[in-house]
Each structure stands twice: as structure tokens, then as C-alpha cells.
Amino acid sequence: MGSDGATAGITGWDAPRLWQRYEAGGDRLALRTLLDYNREDVVNLAVLEYHLGISELSPACEQVRHVFA
């Protein structure tokens, strides 16, 4: 699963900077980008766990069902 759109090219090193931009100046685009990045990270970790045999795939949450389709 690759990133596209707003989170393309964003890495874990960018996350604290995005949060700082939001906290310091109320940059809502930075916050939205950070939340999108974190959401993708969580979904990708769940998929990775499944493929590594670390955990069974649970029924998808309705909000992220499209990711598993």
C-alpha cells in the first residue's frame, strides 16, 4: 500500500513538524495532513501484521472498509 495525495512523501520525521505547525500557528492543513498520515500508518500496520502472520484480520471497521477491498 503506497501513499498518495496529501501524504505522499511524508515520513515519520515530518510528523513532529506538522504537529508543531498546528500548535504554534493553528495550521489546519498541517493537522489534516498529520491525521491522514497517522490513519494510513495504522491501516498499513494492520495489513502488515496480517501478512506477517502476527495477527488475524478482524472484520474491517466501516470507516476503513474501502482500504481492504
Side-chain angles (χ1 to χ4, degrees):
M1 263 184 196
S3 295
D4 57 6
T7 62
I10 303 290
T11 71
W13 291 103
D14 298 307
R17 287 186 205 69
L18 289 167
W19 179 250
Q20 186 177 36
R21 282 176 35 197
Y22 172 70
E23 272 202 321
D27 185 340
R28 297 199 53 87
L29 179 58
L31 177 62
R32 170 54 51 201
T33 303
L34 179 59
L35 292 173
D36 288 343
Y37 172 78
N38 287 340
R39 184 177 304 106
E40 287 180 12
D41 198 28
V42 168
V43 169
N44 288 335
L45 286 173
V47 172
L48 182 60
E49 281 185 339
Y50 174 73
H51 286 291
L52 292 174
I54 296 170
S55 67
E56 293 183 20
L57 188 60
S58 301
C61 170
E62 290 299 319
Q63 294 177 333
V64 295
R65 179 181 296 264
H66 67 282
V67 175
F68 296 99

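These figures come from a predicted structure and were not determined experimentally. By convention here, the first residue in the shown sequence is residue 1.
- Once rounded to the nearest 0.5 Å, the distance linking CG of L18 with CG of L31 reads 9.0 Å.
- Sorted by first and then second residue, the salt bridge (charged side-chain N to carboxylate O under 4.0 Å, His left out) pairs with a member in residues 23-33 read R21-D27, R32-D36; sequence neighbours excluded.
- Residue E49 places its CD atom among more than 12 non-hydrogen atoms of other residues, nucleotides or ligands, all under 6.0 Å distant.
- Here W19 contributes atom CH2 and L35 contributes atom CG; the two are 8.0 Å apart, rounded to the nearest 0.5 Å.
- At least one donor-acceptor pair under 3.5 Å links the side chain of D14 to the backbone N or O of T11.
- When all heavy atoms of Y37 and G12 are compared, the pair lying nearest together is OH-N, 3.0 Å.
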